[in-house]
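Structure first, then comments.
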Amino acid sequence: MNRRLKSILQKTDLYHPLQTSYRAGRTWLTNQLYKLTYRPHKGPGLTCNFCGAEYKKFVPEVPGPDIAPAIQGNNVIAGYGQNVYCPRCLSKNRERLIKAVIEKYLPLAPAARILHFSPEKNLYRWLKHHASITTVDTAPRFYTRIDPTIRYADATRLPFNNHSFDLVIANHILEHIPEDQMAMHEIHRVLAPEGIAILQVPYSPTLPATLEDPEIDDPGRQAALYGQQDHVRIYAFADYLRRLAKAGFNVHVLNPEDLAEFRIYATQPTESVFLCYQH
Ligand SMILES: [Zn+2]
């Protein structure tokens, strides 16, 4: 959008509603297109664990040329691949993985209290039927179509009492936060003593150290360095675990081999899941 027009709309408070409607319209159109073009690929092979659709292949998402060197050069497990979006409901591979993990490993008590950062539509709607769920984001107006009750929250200063939640889901959030260690401490603080956080991030299994530079505050450079213009780092796998432990978490990693049974849901074959226990 033109910068001047954007500035005028922001002053009149129309920017977010228009932006949200535009995005919703674009998503709807994309969805119709996928449903049509993937009709020939219907059939057994991959199943969406949200809508139940079966296709021989899902919709791919590959990194563009501006970010491919950062993603591929650092072997980042970032969610790209050949089977990313369900053609029918547009669920993403990382949502389907979290649902499968919760169903198998973290059965939810009916009274479970969940905190969901930047809620993904399909995951949120499914969780809502099973538990009491609170959603937060730093730009809540972008999510009101998913949850009208979403509230503003800065992950480094969460507006919740200690031990308020049984499950926290921050699915690809921490890589956006400069003070990630503080956010990890906050998530640990608001978790109940028996609580668990699922804290997924893009990470590199081969980088010797986390790639980050607090001096860099430029979307173009961030895209080229980290693979997305609003990311502030690429975590090295071992360093990510170290930071979680420093925040007080007892981390259990589900490796790709542990998650192989979920491949039928077109999950990312190389992704690990970080189950972070409060104690
Ligand atoms: Zn689906």
Side-chain angles (χ1 to χ4, degrees), residues 20-64 77-108 112 114-131 133 135 137 142-150 167 169-173 198-202 228 254 256 258-275:
T20 308
S21 301
Y22 168 73
R23 282 185 180 186
R26 197 180 53 183
T27 302
W28 183 85
L29 275 176
T30 304
N31 199 182
Q32 302 316 307
L33 183 70
Y34 289 157
K35 280 186 201 171
L36 204 63
T37 53
Y38 276 73
R39 199 175 280 169
H41 305 298
K42 274 190 175 180
L46 300 170
T47 302
C48 174
N49 57 354
F50 285 105
C51 74
E54 291 188 326
Y55 287 89
K56 290 180 176 53
K57 61 176 188 175
F58 278 22
V59 183
E61 187 177 39
V62 293
I77 316 291
Y80 294 102
Q82 288 309 303
N83 299 292
V84 175
Y85 294 99
C86 166
R88 188 156 91 185
C89 74
L90 293 185
S91 69
K92 210 173 177 186
N93 50 5
R94 64 195 198 194
E95 284 181 271
R96 295 189 297 274
L97 178 61
I98 299 308
K99 178 174 189 269
V101 165
I102 291 174
E103 284 181 316
K104 174 161 182 186
Y105 293 97
L106 314 169
L108 292 168
I114 301 177
L115 176 63
H116 190 180
F117 284 86
S118 313
E120 299 99 328
K121 186 179 80 177
N122 295 283
L123 188 56
Y124 167 76
R125 287 184 180 167
W126 173 71
L127 287 167
K128 196 168 172 270
H129 289 293
H130 292 82
I133 181 163
T135 64
D137 193 79
F142 283 122
Y143 292 89
T144 49
R145 278 173 182 262
I146 294 172
D147 177 11
T149 69
I150 187 167
L167 175 64
I169 300 171
N171 203 6
H172 293 250
I173 301 295
I198 304 177
L199 305 177
Q200 296 302 101
V201 292
Q228 195 168 306
L254 296 171
D258 303 319
L259 304 165
E261 65 185 292
F262 303 144
R263 303 265 173 82
I264 54 159
Y265 304 134
T267 54
Q268 189 176 202
T270 48
E271 184 170 7
S272 295
V273 170
F274 302 92
L275 297 181

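Values below: every heavy atom of this structure, side chains too, minus hydrogens, waters and symmetry copies. Nothing here was measured: the structure is a model prediction, and the numbers come from that model. Counting starts at 1 for both ligands and their atoms, in listed order.
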Okay, side chain of Asp137, backbone of Pro119: is any donor-acceptor separation there less than 3.5 Å?
-> no

Determine whether Tyr124 and Asp147 make a side-chain contact, defined as any pair of heavy atoms from C-beta on separated by less than 4.5 Å.
-> yes

Taking every non-hydrogen atom, the tightest pair across Ala266 and Asn93 | O-CB, 3.4 Å

Closest non-hydrogen atom pair, Pro202 against His172 | CD-ND1, 3.6 Å

In sequence, state the C-alpha distance, the side-chain angles, and the governing distance for Ile198 and Val273, and then conclude on side chain to side chain contact (heavy atoms under 4.5 Å, CB included).
-> CA-CA 7 Å; Ile198 304 177; Val273 170; 4.2 Å; yes

Near the Zn ion (ligand 1) (protein N/O/S, cut-off 2.8 Å, waters excluded) we have Cys48 SG, Cys51 SG, Cys86 SG, Cys89 SG

Considering only NZ, NE, NH1 and NH2 on the basic side and carboxylate oxygens on the acidic side, decide whether Glu95 and Lys99 come within less than 4.0 Å.
-> no

